[in-house]
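Notes follow the structure.
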Amino acid sequence: MTIHLTTVPLASLIAGVLILFMPKLLNYIIAIYLIIIGLVGIFGTRLFHLP
């Protein structure tokens with residue numbers, strides 16, 4: 001049996017668990033997410049060398 005993990009679901013799971021234990025962390029997680037999405041939107045995936 002092969003298990004394929006991708007980064008987005010794994011990051012979402014970790015973020016969800018952290019938010020349950022530290023609710024104040026939610027502001028930082030959302031801010032980082034919005035910054036990354038904004039950078040990808042402006043510069044495209046070429047900046048991050050994503051496939």
Side-chain angles (χ1 to χ4, degrees):
M1 181 165 96
T2 305
I3 298 174
H4 297 283
L5 291 177
T6 58
T7 55
V8 174
L10 188 60
S12 298
L13 180 64
I14 292 170
V17 170
L18 287 174
I19 289 169
L20 280 175
F21 292 110
M22 296 179 278
K24 290 183 180 183
L25 191 62
L26 178 63
N27 293 334
Y28 295 108
I29 291 173
I30 291 174
I32 290 169
Y33 171 79
L34 291 173
I35 289 169
I36 290 172
I37 295 301
L39 288 173
V40 169
I42 291 171
F43 298 110
T45 56
R46 290 175 282 125
L47 179 66
F48 302 101
H49 302 291
L50 299 173

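Owing to the predicted nature of the structure, the values given are computational and were not obtained by experimental measurement.
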Rounding to 0.5 Å, atoms CD1 (Ile19) and CG (Asn27) come to a distance of 9.5 Å
Rounded to the nearest 0.5 Å, the CG atom of Leu25 sits from the CG atom of Leu18 at a distance of 5.5 Å
Would you say Leu13 ends up clustered with Ile29 if hydrophobic residues are merged whenever their side chains have heavy atoms under 4.5 Å apart, either directly or through other cluster members? no
Residue set satisfying side-chain contact (heavy atoms from CB on, under 4.5 Å) with Ile32, at least two apart, ordered chain then number -> Ile36
